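Structure, as structure tokens:
Values below: all heavy atoms of this structure, side chains included; hydrogens, waters and symmetry mates excluded. Small disclaimer: the values here were computed from a predicted structure and weren't measured. When a ligand or atom number is given, it counts from 1 through the structure's own listing order.
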Amino acid sequence: MKRALLTLTALALLATSAEARTWAEIKKSGTVKIATEGAFPPFNLLKGKQLTGFEVELAEAMAKGLGLKVEWTTQPFDNLLIGLNQNRYDFVIASHGINPERARAVDFSTPHYCTGGAIVAKPGGPLTAAALKGKRVGVQVGTTYLENVRKVPGVGEVKTYPTDTAAQAALMAGRVDAWVGDKFTGIDLVKAQKGKIRQGDLLFNERVAMAVKKGNASLLKELNAALARSQQNGTYAKISQKYFGQDVRCR
Ligand code: ARG
């Protein structure tokens with residue numbers, strides 16, 4: 001927990017003074033460099049050597065529309081924004097909810113989906129914020145789940161895991177009483193576990209966006225335009241249907 005806080009607070013300081021690649025430079029190179037985690041299904045997942053997921057397909061469709069090839073980098077979730085500020089890639093698409101702390105460190109695009117953080121537990125386990133009183137809750141480190149679970153009055157031990165899937169595994173193994181994660185991930189997990197767990201209340205809602213290095217306005221403008229086009233021409237709806245059976249854009 002301490003580490004996650006320090007990491008974000010240090011982000012501004014860690015930003016290299018060198019400028020990020022502008023839109024003109026990216027366009028000229030013909031390739032956009034994108035980073036994601038690759039461990040957050042169904043949004044971004046590295047399966048063997050193959051990156052898949054809603055965000056991966058959406059970013060690739062957007063890049064195609066912009067006439068660019070994609071060079072992907074995968075990084076642990078809590079390193080992603082640091083690498084962005086070190087100019088290691090042009091933008092990040094990894095399900096970052098927009099919050100004030102992150103917005104001080106990076107610039108966010110218009111949101112590419114809207115969602116919420118949901119409580120998931122075994123039958124008889126806690127399914128509401130009130131029921132989390134005194135309970136052990138597992139979450140991925142560096143996430144808005146951690147931030148929001150810590151605000152629940154009387155919550156018991158909050159255990160952090162390096163990946164979201166490790167936090168889910170902790171719930172299944174009984175090392176925690178509840179897991180808090182994305183509501184769409186939760187729906188898939190409940191299905192896969194066939195009645196062994198259930199999804200409870202949403203703890204919070206969030207708008208999820210892509211991040212560029214602070215001040216990279218030329219790239220941000222193109223990303224926003226590419227996202228808007230994908231939402232107008234049916235590409236977004238098609239990819240969203242494939243992964244969620246519904247359209248997850250913000251309304
Ligand atoms: N939406 C949550 C947040 O903003 C979780 C994101 C986790 N993303 C990931 N690639 N593991 O913190």
Side-chain angles (χ1 to χ4, degrees), residues 1 3-9 11 34-47 50-60 72-84 88-89 91-120 137-152 158-171 178-189 199 201-212 240 243-244 248-250:
M1 177 56 214
R3 181 164 165 245
L5 274 182
L6 278 178
T7 307
L8 269 183
T9 315
L11 267 177
I34 316 177
T36 191
E37 183 196 31
F40 196 59
F43 299 98
N44 59 76
L45 180 64
L46 189 59
K47 271 194 205 156
Q50 189 64 33
L51 255 181
T52 64
F54 172 67
E55 292 180 304
V56 172
E57 285 200 37
L58 178 62
E60 286 187 343
W72 284 102
T73 300
T74 55
Q75 290 275 303
F77 181 68
D78 61 348
N79 287 351
L80 282 165
L81 300 186
I82 298 171
L84 182 67
R88 294 211 258 140
Y89 25 79
F91 75 93
V92 172
I93 184 163
S95 288
H96 285 90
I98 300 174
N99 70 14
E101 191 188 4
R102 289 172 181 169
R104 281 193 289 276
V106 299
D107 282 340
F108 281 112
S109 69
T110 50
H112 60 282
Y113 70 95
C114 270
T115 188
I119 307 167
V120 174
V137 185
V139 291
Q140 182 181 19
V141 73
T143 59
T144 50
Y145 316 128
L146 175 58
E147 179 190 330
N148 284 279
V149 167
R150 289 172 62 93
K151 288 187 200 151
V152 174
V158 181
K159 296 193 181 192
T160 59
Y161 296 86
T163 62
D164 191 58
T165 48
Q168 295 163 23
L171 169 65
W179 159 71
V180 171
D182 186 86
K183 70 173 180 187
F184 295 115
T185 309
I187 291 171
D188 285 357
L189 188 66
Q199 181 152 310
D201 288 358
L202 287 188
L203 262 192
F204 64 99
N205 288 299
E206 64 180 352
R207 293 153 67 237
V208 169
M210 297 166 268
V212 302
S240 182
Y243 284 97
F244 308 107
V248 298
R249 80 183 68 187
C250 299

**Request:** For ligand 1, would you mind listing the residues that have at least one heavy atom less than 4.0 Å away, ordered by chain and number?
**Result:**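 Contacting ligand 1 under 4.0 Å are Glu37, Phe40, Asn44, Phe77, Ala94, Ser95, His96, Gly97, Arg102, Gln140, Thr143, Thr144, Tyr145, Glu206.
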**Asked** In terms of the angle between their ring planes, are Phe43 and Phe54 parallel, tilted or perpendicular, with boundaries placed at 30° and 60°?
**Response**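 Rings of Phe43 and Phe54: perpendicular, as their planes differ by over 60°.
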**Member of Ile119, Val149, Leu146 meeting the side-chain contact (heavy atoms from CB on, under 4.5 Å) criterion with Val137** = Val149
**Complete:** Residues Val106 and Val212: closest non-hydrogen pair is CB-O, 3.5 Å
**Prompt:** So which heavy atom on Gly97 is nearest to which on Phe108, and how close?
**Reply:**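 Smallest heavy-atom distance, with atoms named: O-CZ, 4.1 Å.
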**Prompt:** Where the side chain of Gln140 meets the backbone of Pro162, is there a donor-acceptor pair that is under 3.5 Å apart?
**Reply:**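 Yes, the answer is positive, given that a donor and an acceptor are paired below the 3.5 Å cut-off.
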**Message:** Using the side-chain contact (heavy atoms from CB on, under 4.5 Å) criterion, which residues pair with Glu57? Sequence neighbours excluded.
**Reply:** Ile239, Lys242, Tyr243
